[in-house]
Amino acid sequence: MKVFTFCVLLALSLGMLATTSFSSKLFNIVSAATTAGFSVGQPTSIHPAITTILVVLMIVGGASASTAGGIKINRLVWLLKGVKAYLQNKQTQYFFNKELVVKSKAYKNIRIAGLYLLCSLSIRLLGTLAILLLEPMSKSSDVLFEAASAITTTGLSSGFAGNDIHWGSKWILSILMWIGRLEYQTISLFLIVAFLKMSVHRKQ
């Protein structure tokens with residue numbers, strides 16, 4: 001709860017560059033952080049800085065016990081703990097919610113958090129590039145925003161998604177939403193099992 005509140009307040013302070021009202025900025029920022037999907041106006045038309053902030057908040061998402069999308073706040077915390085330990089270049093004790101965590105478990109949590117972030121960014125980038133190939137006249141920032149919203153199951157829109165976009169773009173965004181809802185470990189296990197079964201059939 002503390003981390004979530006801090007993220008919202010930090011985003012709100014950075015979002016002062018936008019000329020919209022305080023209540024509108026707060027509404028869009030909380031909506032992105034909770035991946036709720038509501039928006040006031042068109043988020044990407046407010047200010048480029050706000051667009052970037054909203055994308056970051058969507059990627060992080062809500063708390064681990066919630067139904068929000070994103071990599072979840074607890075994984076962000078573990079990722080930051082790992083980065084801090086690496087920069088300090090020393091052996092450190094890991095605490096989570098003021099409780100000491102065994103190093104092997106802490107390392108596992110850090111690796112999982114890093115893997116989740118890498119998967120989210122990689123899949124979003126691939127989806128964005130695929131859509132830009134189909135929609136070469138579209139703004140890359142709008143497509144990036146749309147892909148982030150899809151894979152985090154947020155629902156905020158840059159205005160890109162509509163009836164007039166290419167059918168392939170609709171399929172790509174649908175796949176991103178499907179991946180975001182099932183989460184990456186489910187997709188990874190599915191692909192690994194499918195690959196192993198294919199290998200066995202080929203050998204036979």
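Atoms CG and OG1, on N28 and T51 in that order, are 10.0 Å from each other to the nearest 0.5 Å. In this structure, CD1 on I151 lies 9.0 Å from CG on L121, to the nearest 0.5 angstrom. Atom CG of L129 is separated from atom CG of L144 by 8.0 Å, given to the nearest 0.5 angstrom. Summarising the geometry, atom CD1 belonging to I131 is positioned 12.0 Å from atom OG belonging to S140; distances are rounded to the nearest 0.5 Å. If you take NE2 on H166 and CD1 on I172, they are separated by 9.0 Å, rounding to the nearest 0.5 Å. A distance of 9.5 Å separates CD1 in I29 from CG in L9, rounded to the nearest 0.5 Å.
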- [ ] For side-chain contact (heavy atoms from CB on, under 4.5 Å), just list the numbers for R75 and L117, CA-CA rounded to whole Å, side-chain angles, deciding distance to a tenth of an Å, and then say yes or no.
- [x] CA-CA 9 Å; R75 295 191 182 106; L117 181 61; over 6 Å; no
Open item on the list: Run Y94 and N109 through side-chain contact (heavy atoms from CB on, under 4.5 Å) and show every step you take.
Closed with: CA-CA 11 Å; Y94 293 91; N109 290 336; over 6 Å; no
- [ ] With side-chain contact (heavy atoms from CB on, under 4.5 Å) as the test, would you mind laying out the steps for F22 and L12 before giving the verdict?
- [x] CA-CA 9 Å; F22 178 83; L12 196 58; 3.4 Å; yes
TODO: In sequence, state the C-alpha distance, the side-chain angles, and the governing distance for F4 and T34, and then conclude on side-chain contact (heavy atoms from CB on, under 4.5 Å).
DONE: CA-CA 9 Å; F4 176 80; T34 56; 3.6 Å; yes
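Clustering ILVMFWY residues whenever any of their side-chain heavy atoms sit less than 4.5 angstrom apart, transitively, puts M177 in a cluster other than the one holding I59. In the hydrophobic clustering of ILVMFWY residues, with side-chain heavy atoms under 4.5 Å counting as a link, I110 and V3 come out together. Linking Ile, Leu, Val, Met, Phe, Trp and Tyr whenever their side-chain heavy atoms come within less than 4.5 Å puts F6 and L57 in one cluster. Two different hydrophobic clusters hold W171 and V143 under the rule that ILVMFWY side chains link at heavy-atom gaps under 4.5 Å. The hydrophobic cluster containing L176 does not contain L126, counting ILVMFWY residues as joined when their side-chain heavy atoms lie under 4.5 angstrom apart, directly or transitively.
More than 12 heavy atoms of other shown residues, nucleotides or ligands fall within 6.0 angstrom of atom NZ in K103. Other residues, nucleotides and ligands place more than 12 heavy atoms under 6.0 Å from the CD atom of Q88.
Below 30°, between 30° and 60°, or above 60°: for F96 and W78 the angle between ring planes is below 30°, a parallel geometry.
Under a 3.5 Å cut-off, the side chain of T128 and the backbone N or O of R124 do form a donor-acceptor pair. In this structure, the side chain of E135 does not engage the main chain of I165 through any donor-acceptor pair within 3.5 Å. Checked by atom type and distance alone, the side chain of K81 pairs as donor or acceptor with a backbone atom of F95 at under 3.5 Å. Looking at Q93, its side chain never comes within 3.5 Å of a backbone N or O of L100 through a donor-acceptor pair. In terms of modelled atom types and a separation under 3.5 Å, the side chain of S120 and the main chain of Y116 share no donor-acceptor contact. The backbone N or O of C119 lies less than 3.5 Å from no partner atom in the side chain of S122, so there is not a single donor-acceptor pair. Without hydrogens or angle criteria, T154 side chain to G37 main chain gives no donor-acceptor distance under 3.5 Å. In this structure, the side chain of S31 does not engage the main chain of S39 through any donor-acceptor pair within 3.5 Å. Proximity of a side-chain donor or acceptor of T152 to a complementary backbone N or O of A148 within less than 3.5 Å is detected.
For K170 against N163, the heavy-atom pair with the smallest separation is NZ-O, 3.4 Å. For A11 against I53, the heavy-atom pair with the smallest separation is CB-CG2, 3.3 Å. Nearest approach of L173 to A161, heavy atoms of both residues: CD1-CB, 4.3 Å. The minimum heavy-atom distance between S138 and F160, with the atom names listed, is OG-CE1, 3.3 Å. Nearest approach of G168 to L134, heavy atoms of both residues: C-CD1, 3.6 Å.
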